[in-house]
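Report on one structure; see the data block that follows.
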Amino acid sequence: MNISGENHPKLANVHTVCIEITPADYTEQYDKEVKQAAQNLELPGFRKGHVPAGLIKKKFGHELLQGVVQRLNEESIRDYIEKEGFLTMGGIFPSEKQSSYEV
């Protein structure tokens, strides 16, 4: 994971933070989410806790991955803000130039 930040020269109190998350950063947490979903999910034709991981990834993989990446983003931003000692006012807004991520 690579986190970098910069101040805007024309805006006094605006700081841009860029977070690059690689598949190595979220793969382990994603696998844990799939295993946890397999234990709790009930699908027709399968007993509770016996749904194959491949089927879970096929049906719900994208939603699980979005949740993992979102949590990583929030934790990274929170840690960066605490480390740099910024005082925040208002919210944290994602950029429109977001790239997609893969499983």
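- Every residue meeting the side-chain contact (heavy atoms from CB on, under 4.5 Å) condition with Gln29, not counting sequence neighbours, appears here in chain and number order: Val68, Leu72.
- For Glu74, the side-chain contact (heavy atoms from CB on, under 4.5 Å) partners are Gln70, Arg78, not counting sequence neighbours.
- Annotation: salt bridge (charged side-chain N to carboxylate O under 4.0 Å, His left out) contacts of Lys32 (sequence neighbours excluded): Glu28.
- The line from CD of Gln66 to CG of Asn73 is 11.5 Å long, rounded to the nearest 0.5 Å.
- Sorted by first and then second residue, the pairs that involve residues 33-48 and meet salt bridge (Lys or Arg N to Asp or Glu O under 4.0 Å), not counting sequence neighbours, are Glu33-Arg71.
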message = I'd like to know whether Ser76 forms a side chain to side chain donor-acceptor pair (under 3.5 Å) with Asp79, so could you lay out the CA-CA distance, the side-chain angles of the two residues, the decisive distance to 0.1 Å, and finally the verdict.
response = CA-CA 5 Å; Ser76 300; Asp79 293 342; 6.0 Å; no

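- Two residues are said to be in side-chain contact when any heavy atoms from C-beta on lie closer than 4.5 Å; Pro23 and Tyr30 fail this criterion.
- Partners of Ala38 by side-chain contact (heavy atoms from CB on, under 4.5 Å), not counting sequence neighbours, listed by chain and number: Ile56.
- In this structure, Glu84 CD and Ile3 CD1 are separated by 10.0 Å, a value rounded to the nearest 0.5 Å.
- If you take CG on Asn2 and CD1 on Ile19, they are separated by 10.0 Å, rounding to the nearest 0.5 Å.
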Phe60/Leu41 under side-chain contact (heavy atoms from CB on, under 4.5 Å): CA gap, chis, key distance, verdict = CA-CA 11 Å; Phe60 307 107; Leu41 192 64; 3.5 Å; yes

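- Panel note: side chain Asp25, backbone Met1; a donor-acceptor pair is recorded below 3.5 Å.
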